[in-house]
Every structure is written in structure tokens, then in C-alpha cells.
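On a predicted model such as this, the values are computed, not experimentally measured, just so you know. Atoms within a ligand are numbered from 1 in the order they appear, just like the ligands themselves.
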Amino acid sequence: MEASTRSASELDDRVEELKDQEIFEPPSDFVEKAHYTDESIYEEADKDPVAFWEKAADELHWFKKWDQVLDDSNKPFYRWFTGGTTNMSYNCLDRHVEAGNGDRPAIVWRGEEGEREEWTYSDLLRDVQRLSNALNDKGVEKGDVVGIFLPMIPEVVISMLACTRIGAVHNLVFGGFSPGQVMERMEVSDAKLLITADGARRKGDTASVKAEVDKVIGDAPGLETVIVVGRADAGSDMQEGRDFWYHELLEAADDECPAAELDSEDPMFVLYSSGSTGKPKGIMHTTGGYMTGVAWTTRAVFDVRPEEDVFWCSADVGWITGHSYIAYGPLLNGLTSVMFEGAPGYPSTDIWWQICEEEGVTLFYTAPTAIRAQVKAGSELVANHDLSKLRLLGTVGEPINPKTWVWYYVVVGGERCPIVDTWWQTETGHIMIAPLPAIVSTKPGSATRPLPGIRASIRENVHEDDDADQEKTVEEGHGLLTVDHPWPGMLRGLQGDEEQYRDKYWSTFGPDTYEVGDAARRDEDGYIWIVGRTDDVINVSGHRLSTAEIEGAIVSYESVAEAAVVPRPDDDKGQTVVAFVTLEGDEPEGGDDMEKGVREHVAQKIGKLARPEQIVWARDLPKTRSGKIMRRLLKNLAEGKEDYGDTSTLADPSVMEELDEQMKEGSSS
Ligand code: WTA
């Protein structure tokens, strides 16, 4: 193991030195070899976004070319590449095997205990065809929904691809959800078949999955067949006629299953996304447009070179990030995609950096919350590893605060790697706002500007300002983020609910303008800064403040590791700010001076209004297993609600009990 050439303290000093730098030019070595280096791509795409995406679609295989690129005759029900026929699994697998790249690793799987499996493109094609045949044998037809509830194992990607091969619609449920939630999603989506596992491994333990599924399977009466992947030695009671072992089905199945010629607008998958309130919504994606958007954005944003790159997206495949950038984007581009079954800190805190080193990861894509955890763990753990193969870093999912950005840039990226901060949503299917890394200078905390072929703007906040003009875009300042031109990977609807689709996304500004649901700011250079969900805005004395901005300010204070800010109703001010704050190191309590310091710091960074009314020192914050902070729980806690909500999806449910006790003791205020 060859460590970084700089010591941890040298790295930390350098972070300190750069932490206020506002703009970073694309590193020159990177630019020299990059695919896209010419600014004119933006202008050209903007002149004619439809022609731009048509060119991108042309790079893929179509059995029959489209008649029309964009059909907007029934807004907001847009259709892309109508009349064209294609197949996702053909484009991800057959195309590369036919081109002579069958022996290239498609997936490198790493298990918790250091296990390693390499699956080539030919390996995947073999198993995908067999599973497709097995699904056909079980009566799955084009348009049927297949549920997938699997841990992070290669079989999850094989299952997705097998569905796309025969035109079945996959419905993945994140492995961290409870079986009850799985069954709810199966029932609502009318799934016919479920692919699940005997068990899942997590931090050295094996949790049974199938046995838990069995307890609630009656809730989804339409489920006729269950296929069980046996990888965890957890066993399974097999119900005759309903349950089948995955490996037995594959052994018995025919080798060949030609890819079905699917219509570009045939549904490809549904993914339930829990909004901030209410029931999860089934977000629908179709075939040709999604494929085009994901393929191009992977190529351009990550500047991929399939022959040499090793791409690691650390998300869970059960979320849209995993769909688009563990499975489809990398495979469409013929890349090698790393898949890690374990939790971020197990078996050792530096397991990520160990895997990056061992696998020679060149492109690394993760979430800010995960980076903050690594900041907390310390630069030393990174410095001990040789990460010199890395050439680009990405982030997704939430705004990244500048201090964390600079740490990522210096300590992980060695100042050689551009950082692509990518803004997008389950609904958008693929990355929408992000720098093309060799063209756009980056500003820590900003996703920069819309990609070529994407039009976005900021509009006056019509929800909060009665005089706001719907048509008017904000050239500089705050407002609501909108997308102003259809894009290929856009959601095609909410499963079974046309009205809600119209209402939620296309009612405020009409059927030409997609309302994102995020507040954002455009700066003097036209850069877009995502402020946060519109439902995460705190209104103190009539002034709109963003939880994300306050959190950013708190985290930029010395020895603060992480913060979550929620509103609390207040008779005088409307709302006040409550902050849950985690400190670096082992000392969970901050004390009076620290509290004063944080409040003053926030006042300085944003204004006195934003100062937290109460600071609660937290050992950890309530996070889902994919790392999202569950602010809703904290909000309920801050409001003093007895029942602060369901903690079953938390990585560590005990965190909420601790915080509850601390709030009750009124330990600080
Ligand atoms: C937020 C995840 C700031 C945003 C791909 C969006 C971001 C929501 C960023 C979608 C980013 C995503 N900077 N905020 N780079 N990326 N978001 O559907 O609020 O899980 O609306 O999709 O995450 O979350 P979703």
C-alpha cells in the first residue's frame, strides 16, 4: 500500500488554506484528455434541444428508428422517440458482447468480508437470458410488474436487466425497507412476481429476508410467484407452486432469449419515492428516452473511458441513483461498475478507501452525507491509501457545504479531480444540472448550470408571494426551480394517477414548465445553488430561511461534523430554528461556549434571524440506511409531539430515543 504523498496534517492544512476559495478551474491534466472541452456544445444544444437528444439517441441501438423525436401534442404527457423500437438489456449487454468486449468486467462485486466477484459482460448476458426465460415460464408477460427486493448483489442488476429484456416493468424496493412496505408497494403496483433473497448481510450479521416477507405476503394477493436468491445461507421455507430458488430456475432455463423489440414508450420501471408527506408515489419511467438520457449523462458528466475506467457509485441500487448510475448508465457505456454490499463503516471505517485502492477506482460518486462522515473520521484514514487512480469525484442528493467540498477535493481527490455536483431527482431519471467537468469552473456548493439540452430557470415564488409573476424568471436571486423544456428521461406519470401527476408537477406554471419542488438561487454568474426542498424552508418573522443554508453555516463552524435544522412553531416569530448538531471526535456535548459560538457564527454567516433558538447536541442524527437525514422525525420532536413518527427505516433507531430524552431534559436551550 502506497499512501498519499502528503500527511494527514498537511492535507488538513491545505483544506484550511482553500476553504474560502470560491471558484475552482477544471484541472488542466484532466482537461487535456476529456471528451467535451468546447463550450459551444451548450449553445448548440440550446438552439435545438430536440436535435441534441436525437443525436444522443443515435449512439444507441434501435431495432427501428423513431418517427418523431418529441411528441408534445398532449402536454404534459410528453413522449420521446415515438415509433422507435429498442431494448435496454440489448443496449447494456448484447451490443458490447457483439463488439468484442464480452470479457470486460461489467460488475465487480465486493462483499462485507472482503469477498470479490467479477462478472463480465458475457456472464451477465448469459444469466440475464436464462432469468428472462424463467420469468417467461412463470407467466410474466410484457407490461407485467415484477417486484425486486434484494440486497446489493449482482443478482439485482441481472433481475432488472431480465425484466427489461422481455418488457416486464420492474419495481425495486430499497433493501432497507421493511417487508410491510415492500408488500404495500407490490400491492399498489399490482406486481405478479417478486424476486427476493433468503437473507441479507449487514455488519457481520445475517438478517433473514424471505422469512420476514413470508409473514406479510398475504397482503399482496396478486403475487403469484416468488423467486428466492440464496446467497446468505439463511434458508427459506419454500411454498410449493409459489416459491422457486433462483439458481435452480437458472440451471433449468434455456440459454437464449432474444431481446424483445419494445416501443420507446413502453413502461420500463416504476420506483416509489416517499415524498415529504403522505403515501409514496409510483414514479413511472419508459424505455427509449430514459435510456438516452442516462447513457449520455454518464458519458458526459463523468467523462467516461470504458476501456480503462472503474466507476463506483456508492448509492443503493434501490434508489434512482443506483438504477441510473450503478446499473444502466455504466452498462450502457460498457464500463466496469463496482458494487459494494456492505455498510460504509464496516468492517473498518476506511473500507471505502481500501476498495477504491484495491479496485483502482477512477470515478467515484457518492452523497455529501457520506463525505461528512468521512470528514468526521479524519483525513488520516484517506491518507493511508493510494487513491492516485481517481480522476473525477461526484456528489448527489443534497447540497454539499463548501467546507466538505474542499475536503473532498483536497483529501480524496488530491486536487487533481474535478468534482461534479449533480442535481437531479427520481422524477428526472438522470442528471440535469451539473458541470461538464472539463468546461465548467466549479464553485463549492453549487451544481453549476443545466447540462446541454436541459433548460432550467428560477421563478418568483408564487406560493409565498401573492404578487409574484408566474412567467417571470429570476436572473439573480432566490425562487423556485423549474425545468422549461421536456427532457428524455422525464417521468411519464405517477402510476395510476394522472390527476396527481398534473397537479404536483404541471399545475403551478402550466403544462410547459415542470415544477421541481426545490428552492434555488441564481448568482451573478448564472450558477444555480440548490437551497433545498420547498418544504424545508423555515419562515422566521416573515423571512424565508433554508434549513440547508443554516446547516451549511453550522457545519462550517470549527469541530462541527454535521447538523440538521428544523422549524418549531413560535407565537412571536411564526417559526424558530432548532438545530441538532453532531461534533467531531468523541465529545458529544458542546457546552455553553460552543453553543454561543455556533449561534454567533450563524448570525455572521446568514443573519441574526437564522440563529438557532435551541441547539441539541447529538451523538448521531437519524438517518435512513442510505444516509438521508430524516428531518421529519426531528421536526416532530422539536414540536414536542409525543409520536414523532416511524423509526423503522432508520439505520440506528436508538438515536431518536436518545434525542427525545435529551429534548425532554431540556439539556440546552
Ligand atoms: C435533492 C436523488 C442539492 C433535491 C437523485 C431534489 C440535491 C431531491 C442534489 C431529489 C444536489 C438532489 N444538490 N440537492 N446535487 N441532488 N438533490 O428523488 O432536493 O431521491 O429535489 O433523487 O434531492 O431526491 P431523489
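Remark: ligand 1 atoms within the under-4.0 Å shell around heavy atoms of Thr321 are 5 (C). Which parts of ligand 1 touch Val396 is read off a 4.0 Å heavy-atom cut-off, strictly below it: atoms 5 (C). Atom numbering of ligand 1 starts at 1 in the shown order; those under 4.0 Å from a heavy atom of Ile530 are 3 (C), 14 (N). Heavy-atom proximity to Asp421, at under 4.0 Å, picks out these atoms of ligand 1: 11 (C), 13 (N), 15 (N). Atoms of ligand 1 lying under 4.0 Å from any heavy atom of Ile320, numbered from 1 in the order shown and given with element: 5 (C), 22 (O).
Of the possible donor and acceptor atoms, one in the side chain of His430 sits under 3.5 Å from a partner among the backbone N and O of Gly489. At distances below 3.5 Å, not a single donor-acceptor pair connects side-chain atoms of Tyr408 with backbone N or O atoms of Pro368.
Within the structure, the closest approach of Gly517 to ligand 1 does not fall below 4.0 Å when heavy atoms are considered. Using a non-hydrogen distance threshold of 4.0 Å, Pro399 registers as a contact of ligand 1.
Of the options Val440, Ile528, Asp525, a side chain to side chain contact (heavy atoms under 4.5 Å, CB included) to Arg449 is made by Val440 and by none of the others.
Relative to the six-membered ring of Phe149, Arg185 misses at least one condition, a distance below 6.0 Å or an angle of at most 45° to the axis.
With rounding to the nearest 0.5 Å, the separation of CZ in Phe24 from CH2 in Trp405 is 5.0 Å. Atoms CD1 and CD, on Ile439 and Glu39 in that order, are 6.5 Å from each other to the nearest 0.5 Å.
Under the 30°/60° scheme for interplanar angles, the aromatic rings of Phe269 and His323 are found to be tilted.
Annotation: Glu639, atom CD; neighbour count of heavy atoms from other residues, nucleotides and ligands within 6.0 Å is above 12.
Considering backbone and side-chain N/O of Thr395, none are found under 3.5 Å from N/O of ligand 1. Residue Asp518 places at least one N or O, backbone or side chain, under 3.5 Å from an N or O of ligand 1. For a threshold of 3.5 Å applied to N or O pairs, the pair formed by Thr422 and ligand 1 contains at least one separation below that value.
In this structure, atom 24 (O) of ligand 1 lies nearest to the protein heavy atom Lys628 NZ, 3.7 Å. Here the heavy atom of the protein found nearest to atom 1 (C) of ligand 1 is Gly397 O, 3.2 Å. Scanning the protein heavy atoms around atom 2 (C) of ligand 1, the nearest turns out to be Trp424 O, 3.9 Å.
Salt-bridge check for Arg391 with Asp309: passed, with a basic side-chain N closer than 4.0 Å to an acidic carboxylate O. With respect to Asp620 and Lys376, no salt bridge is recorded, no charged nitrogen being found less than 4.0 Å from a carboxylate O.
Residue-level proximity to ligand 1 for Glu398 is carried by the backbone, the only part with a heavy atom below 4.0 angstrom.
Closest heavy-atom approach to atom 22 (O) of ligand 1 among the candidates Ile433, Val516, Thr426, Val531: Thr426.
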